[in-house]
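See structure below.
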Amino acid sequence: LTPGSMTTEPPNLLLHSLMKAQDGTAFVRALGAEIVAAEPGKSTMRLPYSRAIIGNPDTGVVHGGVITGLLDHACGMAVGTALGVIVTDPAKRASTSYATLDLRIDYLKAAKPGSDIMVVGECVKITRQIVFARGRAYQASPDEPIAMATGTFMLTELRASADTKA
């Protein structure tokens, strides 16, 4: 294909599936966030600035809890895509679960009022029971982060309930 011609490239199925699944969560909808990129082990979200997420009405600065929540969510999506639990492997999705075990957030500066926030989550390492991830929230440039996250996620096996055993 040449520049300007129509692309025949298939859509990013992982991104499409994540957007369908995760944009449907009450948390993401309530904040007005959206998933803008996804690949195994990495996710990127955008949070449009709005009055609903302001923590300090005098300055218009976004509430720190909003940033923390999105960093946790983006890291969790990165972990899920790395494990194949989110979207890509129905068998793993039926037998494996994970949850945030620990999340450390380092706030480096206040978010600039009026500007969207980008949040990137990356899966760093998978062990038998623990998965490590890191995240970054920024506005103008990833090299100028608002906050950075380091998270650990605990893997658990889902067991069939008594109702499903016949």
Side-chain angles (χ1 to χ4, degrees), residues 1 3-4 7 9-88 98-127 130-155:
L1 295 173
T7 181
E9 196 173 310
N12 180 335
L13 296 178
L14 179 59
L15 175 59
H16 175 75
S17 297
L18 272 174
M19 288 176 73
K20 186 175 176 184
Q22 298 294 312
D23 283 353
T25 66
F27 177 71
V28 171
R29 278 195 323 269
L31 293 178
E34 65 178 339
I35 301 162
V36 296
E39 59 189 72
K42 187 173 181 180
S43 69
T44 304
M45 300 179 73
R46 183 178 72 86
L47 177 65
Y49 183 82
S50 79
R51 297 194 56 73
I53 60 173
I54 292 173
N56 183 335
D58 295 333
T59 63
V61 172
V62 172
H63 192 284
V66 171
I67 296 168
T68 296
L70 279 181
L71 282 164
D72 184 33
H73 199 81
C75 286
M77 285 191 303
V79 167
T81 59
L83 293 170
V85 173
I86 295 179
V87 180
T88 56
Y98 59 96
T100 307
L101 182 62
D102 184 58
L103 185 68
R104 175 193 166 100
I105 307 292
D106 291 317
Y107 288 97
L108 306 175
K109 64 181 180 179
K112 180 182 171 191
S115 296
D116 293 354
I117 297 172
M118 300 299 295
V119 180
V120 177
E122 295 178 278
C123 181
V124 177
K125 182 176 176 80
I126 300 171
T127 69
I130 304 293
V131 182
F132 299 87
R134 65 179 168 224
R136 176 181 299 245
Y138 65 92
Q139 287 175 305
S141 166
D143 296 328
E144 298 176 25
I146 298 164
M148 299 187 63
T150 304
T152 53
F153 294 77
M154 176 177 57
L155 294 173

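All values reported here derive from a predicted model rather than from experimental measurement. What you see below is based on every heavy atom in this structure, not just the backbone, and it leaves out hydrogens, waters and symmetry mates.
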V120 side chain near K42 side chain, heavy-atom distance below 4.5 Å: yes
Quick one: side-chain hydrogen bond (donor to acceptor under 3.5 Å, both in side chains) partners of D58, sequence neighbours excluded? none
Minimum heavy-atom distance between Q139 and I146, given as atom pair plus value: CG-CD1, 3.5 Å
Non-neighbouring partners of Y107 that pass ring-ring contact (aromatic ring centres under 6.0 Å, His included), sequence neighbours left out: none
Shortest non-hydrogen contact from I67 to A137? CG2-CB, 3.9 Å
Can you list every salt bridge (charged side-chain N to carboxylate O under 4.0 Å, His left out) pair that touches residues 141-155, not counting sequence neighbours? K109-E144
Quick check against the 3.5 Å criterion: does S43 have a side-chain atom that pairs as donor or acceptor with the backbone of A74? yes
Minimum-distance pair of heavy atoms, taken over all atoms of A33 and P48: CA-CD, 4.3 Å
Taking every heavy atom of G135 against every heavy atom of C75, the minimum-distance pair comes out as N-SG, 3.7 Å
With a 4.5 Å cut-off on side-chain heavy atoms, are C123 and F153 touching? no
If you round to the nearest 0.5 Å, how far is OH of Y138 from CD1 of I117? 11.5 Å
Closest approach of V61 and A110, non-hydrogen atoms and distance? CG1-CB, 4.0 Å
Please name the pair of heavy atoms, one in P145 and one in P142, separated by the smallest distance, quoted to 0.1 Å. CD-O, 3.8 Å
Sorted by chain and residue number, the salt bridge (Lys or Arg N to Asp or Glu O under 4.0 Å) partners of D102 (sequence neighbours excluded) come out as none
Euclidean distance, L101 CG relative to T152 OG1, rounded to 0.5 Å: 4.0 Å
Within this structure, what is the CE-CZ distance for the pair M118 and R136, rounded to the nearest 0.5 Å? 13.0 Å
CD1 on I105 to CG on L71, rounded to 0.5 Å: 4.5 Å
Which residue pairs satisfy the side chain to side chain donor-acceptor pair (under 3.5 Å) criterion with at least one member in residues 46-55, sequence neighbours excluded? E34-R46, R46-D116
Are the side chains of V28 and M45 in contact, using a 4.5 Å heavy-atom criterion? yes
Would a 4.5 Å heavy-atom cut-off, applied to side chains only, mark L47 and V119 as touching? no
Using a 4.5 Å cut-off on heavy atoms from C-beta on, say whether the side chain of L155 contacts that of L83. yes
Salt bridge (Lys or Arg N to Asp or Glu O under 4.0 Å) partners for R134, two or more places apart: E122
According to salt bridge (charged side-chain N to carboxylate O under 4.0 Å, His left out), does anything in residues 60-83 pair up with another residue at least two apart or in another chain? List the pairs. none
